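Beneath this line is the structure, given in structure tokens, with notes to follow.
Just so it is clear, the model here is predicted, and its values are computed rather than measured.
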Amino acid sequence: MSKFFWFLVFLFPAPLLAQVSGKVTNNEGLPMPYVSVTVEGTYIGTSTNSDGNYQLKITKAGKYVLLFQSLGYKTTRLTIQANELPFVQNAVLEQENLTIEEVVIQNNENPADRIMRKAIAEKEKNSAKNDKYHADFYSRGNIKLTKMPKVVQNDKSPEVKELMDTTNSGYIYLSETFSKISFQKPNKLYENIIASKLSGNDRGYSFNTAIGSNFDFYTNYVNLGTAIISPLADIAFTYYSFRLESSFEAENKTIYKIKVIAKRDKEPVVEGYVYIADGTYEIYAVDFNLKGYRMNQPFMNQMKITQHYSFNQSDNRWVKNSQFLDFDAGFLGFEFRGSFSSNFSNYEFVSDFEKGTFGKTVVNIEKEANLKDSAFWESNRPIPLLTTEIKDYFKKDSVQKVRNSPAYIDSVDRSINKFKLSKLFLGYTYQNTPSKYSIHYSGLLNVTSINFNTIQGWNAGIGFDARFGQSDEGKLSTIQSTIQYGFSDQRLRADGLFRHRFNTQNYSTLELSAGNKVFQFNSDNPVIPIVNMFTSLVEKRNYIKLYESSFAKINYRQDVWAGLSMNASLSYQNRQNLFNTTDYSFWNKERSYSSNNPLLPDDYTTAAFSDHSIFKFNIGAVINFGEKFVQRPDRKVSISNRKYPTFEIDYTQAFASSLDDYNYSQIEARLRQSIVLGNKGVFEYNLIAGKLFNGENAAFMDYKHFNGNQVTTIVSKPYIQSFFLLPYYDYSTNKPYIETHLNHNFKGFIMNKIPVISELQWHLNLGHNFFATEEMNYQEFTIGFSNVGFGKYRLFRIDYVRSFNSHPAANKVNDGFVFGINF
């Protein structure tokens, strides 16, 4: 098979269906990558690949003028008479004669500064020239795994074997997209993906879309994981120095090559070169490098972005025709290298769009986009494949055919389903791929299930789950079951869940659950069990408070329309009190645990509530204002819009309780948003208000509980939903309440400007947490640092907190430090 492949590669070095193709080299015969190739007077264009090969889609024979442009080389014009197609035209580029003699220094001002001030002053007018258009868009992305830890290489598990097979073929990701786009600045986009190709998966879809390639340096900020300050931003001179290195002639215009230099290393800035056309001061090209830490992406080592613009004399426009993004990254011994190429062609500029062009759907992938044959790709792919990419497609497509064969699938299932005695302890999976179901058992030695608390003592469990009927429409049924045993209270508890998802368009889902479990009084589960186990065994402090419930519940949710999802549930609960059953701890044996009654921590006999049964009906809605979608044939994927908030509202009716006093109603509303403020960071808010009706005698677990914290370390806890120093249950209420959480992460806006301290790369955070009830109010002011760590590993956060409490029985002022770990 490999001999046949290489025969094809050398026999057909350029695709047969390319109308005009060729190879671009320099005067030393070396291939020229990333050369812009356009047809003069049109918006037909392409670029060369890393091997210097190009192909142009020209549908009619005739006479054409081809323009070859590359940074540092003279623009080459070649007139061709393509009487028959396909037509081959090679090109040789000569280095540009760079001069700066024509630059006039005025008033002792740096000439680069003068040019950049003009470019900044003219940017809105220049940007507006290309603010509304239709175009063809093509993107190809590849990612290589260049290094992995030896411990992984020596792992013989099926997952690692699959990964090794992938990397040995060259790429862990290779994909292409061809689409028609409509775009209106600054960010209105509709993209219709006609073809999508994913190496080794003919049922998959590419992640390459135009929405992820919209890097416009005419704006103040460019979103590259964080708000990168453009060299053409209004505030550019605060962050950059500029130096005119040279100039050259292109398109009968003088092009200035200006070096972009960062004034401070840790700011969100680029470095490299911007090319500006004299007279109109439009962008001719950009060639920028970005360091990962400047993008607040510590796993990214470096990224390089190159853009080429071409000039169309017929309507006097400079338009972006190609973009190349190259990066290398690493994490935990893995190293990656990737490249994403984008091509824009066949522009059609409009004065306005038809009504309805831009709606909730941003990207639509046509139903048969991943079924296009090789003839389609050969005739429409503007940037030729590399030899390694051809090999990857050939190998993975061949491997996929084998792996999709009934014989191979049956052999894999037999291997996985083979039972060994060790799997009784370590876990066992049985799958039947043709029938689309699998069953998994977690094993008797499921370490993740082992825990300790003062009610159950040491406890552990085993779990079962099964999946049935995954389909192209997203239909899927899941069954889950857990059996847990507490060695101190000597109780066996079990629960189960059946979930059926009807589709992945509106994600309508039905859930049925029942069983017997322990629950935290606060249903938001503010105490992390593993943290409570540590504080109990080491410090002898038991923060988790539990009750037991035998329950049955039915729940249904679905997306009603764009941006609105609704949920409704009906449940029955038989609730019972629990008490401490163990005093065990590793240390601090002289200290006593608090009781399991959150209201009376020193009373070990009084129950927190009266045992009872109760029914609950809940209905809720979530409105994501401004939400957009990617419409795939197999699913709808939402895209959040940070310009708008998310609003949630829930209504709960508790009824038919065995104790009439425990019946109540509750309504709660929440408004939250995360707002990017350019280079000044991210501001988040979370506003909550609610009320219990007839809740004067409600059971304690039905109170409003504020998410407190009484440990010094917070593990993966949402800061915008919690308090830092608030006791977990001291101020729970059955009265009306309001709650607010505010946090601003400056993302280096302040810290990056302070010499020496900027080397830490820490992010300053300011926050305020507040709640008020009829009885009292409580608030916290916080100042701290996130992105704390070393090198690529910046998982930590530290905050100083000062709280103010109006409750007469509490300390009015309290303070402390809280450490956080975010995974």
Side-chain angles (χ1 to χ4, degrees), residues 8-25 31-49 51-70 73-94 133-140 176-181 194-195 197 250-252 308-322 341-349 372-387 390:
L8 291 176
V9 170
F10 289 114
L11 183 62
F12 306 118
L16 291 177
L17 298 178
Q19 286 80 7
V20 175
S21 62
K23 190 178 185 72
V24 182
T25 58
M32 293 283 296
Y34 299 171
V35 176
S36 172
V37 186
T38 56
V39 179
E40 188 175 49
T42 74
Y43 290 111
I44 300 172
T46 184
S47 302
T48 60
N49 62 18
D51 293 335
N53 294 317
Y54 76 93
Q55 56 194 47
L56 274 169
K57 185 179 180 181
I58 296 177
T59 57
K60 295 181 180 179
K63 185 177 180 180
Y64 298 94
V65 177
L66 305 186
L67 302 179
F68 298 83
Q69 296 171 290
S70 181
Y73 289 81
K74 293 180 180 179
T75 298
T76 298
R77 275 184 171 80
L78 295 177
T79 301
I80 64 171
Q81 185 67 47
N83 294 327
E84 294 184 359
L85 298 174
F87 186 88
V88 176
Q89 179 63 60
N90 298 324
V92 178
L93 302 190
E94 296 181 3
Y133 60 81
H134 304 286
D136 291 344
F137 174 77
Y138 168 81
S139 177
R140 179 161 78 246
E176 297 176 271
T177 295
F178 181 77
S179 58
K180 303 282 187 179
I181 62 174
I194 298 170
K197 186 175 179 65
E251 302 297 331
N252 296 319
H308 292 283
Y309 287 70
S310 61
F311 183 71
N312 190 310
Q313 293 181 347
S314 62
D315 56 7
N316 197 35
R317 299 180 194 267
W318 289 92
V319 297
K320 181 170 63 177
N321 60 37
S322 62
S341 306
S342 301
N343 179 260
F344 303 81
S345 61
N346 296 322
Y347 281 95
E348 178 188 347
F349 293 95
K372 301 298 185 195
D373 59 18
S374 58
F376 173 90
W377 285 105
E378 296 296 351
S379 61
N380 287 279
R381 179 186 290 123
I383 304 175
L385 293 174
L386 300 172
T387 302
I390 297 173

Minimum heavy-atom distance L78-Q89, with the two atoms named = CD1-NE2, 3.7 Å

Considering all heavy atoms of both residues, which atom of V88 and which atom of G22 are nearest to each other, and what is their separation?
-> CG1-CA, 4.4 Å

N/O donor-acceptor pair under 3.5 Å between R140 side chain and P384 backbone | yes

Qualifying residues under side chain to side chain donor-acceptor pair (under 3.5 Å), relative to T177, sequence neighbours excluded = S206

Is it true that a side-chain atom of Y347 and a backbone atom of K320 form a donor plus acceptor pair closer than 3.5 Å?
-> yes

Working to the nearest 0.5 Å, report the span between CD1 of I80 and NZ of K63.
-> 11.0 Å

Closest approach of A250 to T75 (non-hydrogen atoms, all atoms of both residues) = CB-OG1, 3.9 Å

Applying ring-ring contact (aromatic ring centres under 6.0 Å, His included) to W318 and not counting sequence neighbours gives Y284, F311

For Y34, what residues pass the ring-ring contact (aromatic ring centres under 6.0 Å, His included) criterion, not counting sequence neighbours?
-> F324

Atom pair OG (S342) and CD1 (I383), whose distance is rounded to the nearest 0.5 Å | 7.5 Å

Applying side chain to side chain contact (heavy atoms under 4.5 Å, CB included), name anything that partners E84, two or more places apart in sequence or on another chain.
-> none

Using the test ring-ring contact (aromatic ring centres under 6.0 Å, His included), find all partners of F137 that sit at least two apart in sequence or belong to another chain.
-> F344

Could you give the distance from CG (L56) to OG1 (T42), rounded to the nearest 0.5 Å?
-> 8.5 Å

Sequence neighbours excluded, the answer for side chain to side chain contact (heavy atoms under 4.5 Å, CB included) partners of S314 is N312

Enumerate the residue pairs fulfilling salt bridge (Lys or Arg N to Asp or Glu O under 4.0 Å) with a member in residues 32-48, sequence neighbours excluded, ordered by first and then second residue.
-> E40-R77

Nearest non-hydrogen partners of Q81 and F87, listed with the distance = O-CE1, 3.7 Å

Of all heavy-atom pairs between K57 and I44, which one has the smallest distance, and what is that distance?
-> O-CG2, 3.8 Å

Nearest-0.5 Å distance, CZ of residue F68 to CG of residue L66 = 5.0 Å

Heavy-atom side-chain contact between I194 and F376 under 4.5 Å = yes

How about N90 and T25: do any of their side-chain heavy atoms sit closer than 4.5 Å?
-> no

Side-chain heavy atoms of F349 within contact of V319, under 4.5 Å | yes

Residues at least two apart in sequence or cross-chain that pass side chain to side chain donor-acceptor pair (under 3.5 Å) with S179, listed by chain then number, are E191

Does a side-chain heavy-atom distance below 4.5 Å link E176 with Y138?
-> yes

Excluding sequence neighbours, so at least two apart, what forms side chain to side chain contact (heavy atoms under 4.5 Å, CB included) with N252?
-> Q313

By side chain to side chain donor-acceptor pair (under 3.5 Å), K23 pairs with (sequence neighbours left out) none

Quick one: does Y43's side chain get under 4.5 Å of R317's, heavy atoms only?
-> yes

Side-chain donor/acceptor of N346 to backbone N/O of D136, under 3.5 Å | no

Separation of N49 CG from L386 CG (nearest 0.5 Å) | 4.5 Å

Please name the pair of heavy atoms, one in S379 and one in Q19, separated by the smallest distance, quoted to 0.1 Å.
-> O-OE1, 4.4 Å

Audit row: N53, Q55, side chain to side chain donor-acceptor pair (under 3.5 Å) steps and yes/no = CA-CA 7 Å; N53 294 317; Q55 56 194 47; over 6 Å; no

From CD (E348) to OH (Y133), nearest 0.5 Å = 13.0 Å

For D51, salt bridge (Lys or Arg N to Asp or Glu O under 4.0 Å) partners two or more places apart | none

For Q69, all residues meeting side chain to side chain donor-acceptor pair (under 3.5 Å), sequence neighbours excluded = none

With no hydrogens and no angle check, is any side-chain donor or acceptor of N321 less than 3.5 Å from a backbone partner on N343?
-> no

Any sub-3.5 Å donor-acceptor pair from T48's side-chain atoms to V35's backbone N or O?
-> yes

